[in-house]
Amino acid sequence: MHTLYYGDFNFGKDKYVLARSLKGLSFVGNNFSQLDDFFPNVKFIKDSGSLESYWRQINEYLLEERQEFTLKLDISGTKFQESVWEQLKKIPYGQTTSYTEIAQAIGNPKAVRAVGSAVGKNPVLIVIPCHRVINKSQQLGNYRGGLAMKRELLTLEGAIN
């Protein structure tokens, strides 16, 4: 059985849950139930102390002291999902892109819905910046962390007012 160490951290009024395996960061989200959804049949061990270095970078981002992350990630998905996640990492801080633009960038312009699905399965919110993806009509669209969180992150980065 795979083991994930997790901890919850507060920033302002928001709570964030981080988890990591021995290979690196696996998840950032806002509630424990999301961990269970992403990692069924996994043994979870609460250990906030071992996640301090990971939380430090996320906290620096939330304090507007960091724009890029140097965290080792432990993620896996289908080849298509991984290509979408790699493209998400290329979206610059403070900018947005659309699902359509991502589909075009990965060489699969007709896969807009599949891109949306892959974005929704991003296991590392904030660090892999899926919050920077909006729909082509400039609406925020969906976000697993909730629209309020997406709006806060984009406002923090200056991408929206």
Side-chain angles (χ1 to χ4, degrees), residues 1-78 81-82 84-97 99 102 115-135 139-161:
M1 177 177 268
H2 191 67
T3 300
L4 284 177
Y5 300 90
Y6 77 94
D8 48 19
F9 301 87
N10 293 312
F11 182 84
K13 64 182 186 322
D14 297 318
K15 177 178 159 183
Y16 295 86
V17 178
L18 270 65
R20 70 164 180 82
S21 70
L22 295 176
K23 296 179 188 175
L25 188 68
S26 299
F27 187 88
V28 177
N30 56 1
N31 67 58
F32 185 81
S33 67
Q34 290 180 350
L35 281 176
D36 228 7
D37 293 342
F38 268 80
F39 302 104
N41 305 314
V42 170
K43 180 179 177 184
F44 294 104
I45 299 174
K46 186 161 186 172
D47 184 8
S48 297
S50 70
L51 291 159
E52 278 298 324
S53 62
Y54 294 93
W55 173 243
R56 189 175 306 111
Q57 285 195 32
I58 293 165
N59 193 51
E60 289 168 355
Y61 164 83
L62 294 169
L63 291 170
E64 300 180 69
E65 298 170 355
R66 173 180 292 276
Q67 294 183 3
E68 295 180 13
F69 297 94
T70 59
L71 301 170
K72 183 177 178 188
L73 301 179
D74 178 22
I75 59 173
S76 63
T78 66
Q81 288 170 334
E82 290 177 3
V84 170
W85 300 338
E86 283 302 312
Q87 193 62 38
L88 293 176
K89 291 185 209 176
K90 296 176 184 177
I91 306 168
Y93 180 93
Q95 295 183 26
T96 59
T97 193
Y99 299 96
I102 291 173
V115 165
S117 178
V119 168
K121 293 189 186 313
N122 169 20
V124 191
L125 300 179
I126 301 174
V127 176
I128 297 178
C130 57
H131 62 277
R132 296 179 188 154
V133 182
I134 59 176
N135 61 38
Q139 300 299 311
L140 292 184
N142 294 323
Y143 187 61
R144 188 167 39 84
L147 284 179
M149 182 183 197
K150 183 173 188 169
R151 187 173 284 108
E152 283 179 37
L153 295 173
L154 291 173
T155 300
L156 172 92
E157 294 184 10
I160 62 171
N161 295 324

A.B. asks: Report, as yes or no, whether the 6.0 Å neighbourhood of atom CG on Asn135 holds more than 12 heavy atoms from other residues, nucleotides or ligands.
C.D. replies: yes
A.B. asks: Does the side chain of His131 come under 3.5 Å of the side chain of Glu152 through a donor N or O and an acceptor N or O?
C.D. replies: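 Note: His131 and Glu152 side chains miss the donor-acceptor criterion.
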A.B. asks: Under the salt bridge (charged side-chain N to carboxylate O under 4.0 Å, His left out) rule, collect the residues that match up with Glu52, sequence neighbours excluded.
C.D. replies: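 Partners of Glu52 under the salt bridge (charged side-chain N to carboxylate O under 4.0 Å, His left out) test: none.
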A.B. asks: Would you find a donor on one side and an acceptor on the other, under 3.5 Å apart, between the side chain of Arg132 and the backbone of Ile91?
C.D. replies: yes
A.B. asks: Determine yes or no for a side-chain-to-main-chain donor-acceptor pair under 3.5 angstrom, with Arg66 supplying the side chain and Arg56 the backbone.
C.D. replies: no
A.B. asks: With side chains defined as the heavy atoms from C-beta onward, is the minimum distance between Asn59 and Glu65 less than 4.5 Å?
C.D. replies: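 No, their side chains stay 4.5 Å or more apart.
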A.B. asks: Counting neighbours of CG on Asn10 that are heavy atoms of other residues, nucleotides or ligands and sit closer than 6.0 Å, is the number greater than 12?
C.D. replies: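 Yes, because the 6.0 Å sphere around CG of Asn10 holds more than 12 heavy atoms from other groups.
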A.B. asks: Any side-chain heavy atom of Tyr99 within less than 4.5 Å of one from Val119?
C.D. replies: yes
A.B. asks: Establish, from distance only, whether the side-chain atoms of Ser50 and Arg20 form a donor-acceptor pair under 3.5 Å.
C.D. replies: yes
A.B. asks: Among residues at least two apart in sequence or on other chains, which ones pass side-chain hydrogen bond (donor to acceptor under 3.5 Å, both in side chains) with Lys121?
C.D. replies: none
A.B. asks: Looking only at heavy atoms, what is the nearest atom pair of Ala159 and Thr96, with distance?
C.D. replies: CB-CG2, 4.0 Å
A.B. asks: Could you check whether any side-chain heavy atom of Leu156 comes within less than 4.5 Å of a side-chain heavy atom of Tyr61, counting everything from C-beta outward?
C.D. replies: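 Contact flag for Leu156/Tyr61 side chains = yes.
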A.B. asks: For the CD1 atom of Ile134 and the CG atom of Leu140, what is their distance to the nearest 0.5 Å?
C.D. replies: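 Output value for this atom pair is 7.0 Å.
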A.B. asks: Can you give me the closest heavy-atom contact between Ser53 and Leu71, atom names plus distance?
C.D. replies: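 Between these two residues, the closest heavy atoms are O-CD2, 4.4 Å.
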A.B. asks: Taking side chain as C-beta onward, heavy atoms only, is Lys43 less than 4.5 Å from Tyr5?
C.D. replies: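 Contact flag for Lys43/Tyr5 side chains = no.
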A.B. asks: Would you mind reporting whether Thr155 and Asn161 have side-chain heavy atoms less than 4.5 Å apart?
C.D. replies: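 They are not in contact (no side-chain heavy atoms under 4.5 Å apart), so the answer is no.
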A.B. asks: Considering residues at least two apart in sequence or located in another chain, which fulfil the ring pair (Phe, Tyr, Trp, His ring centres under 6.0 Å) criterion with Phe9?
C.D. replies: Trp55
A.B. asks: Find the distance between CG (Leu18) and CG (Leu51) and round it off to the nearest 0.5 Å.
C.D. replies: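 The distance works out to 5.5 Å.
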A.B. asks: Count the heavy atoms of every other residue, nucleotide or ligand shown that sit under 6.0 Å from CD of Glu68, and state whether that count exceeds 12.
C.D. replies: no
A.B. asks: Taking atom types as modelled, find out whether Thr70 and Gln57 have a side-chain donor-acceptor pair closer than 3.5 angstrom.
C.D. replies: yes
A.B. asks: Does the side chain of Val84 come within less than 4.5 Å of Gln87's, by heavy atoms?
C.D. replies: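 The answer is no, as the side chains (C-beta and beyond) never meet within the 4.5 Å cut-off.
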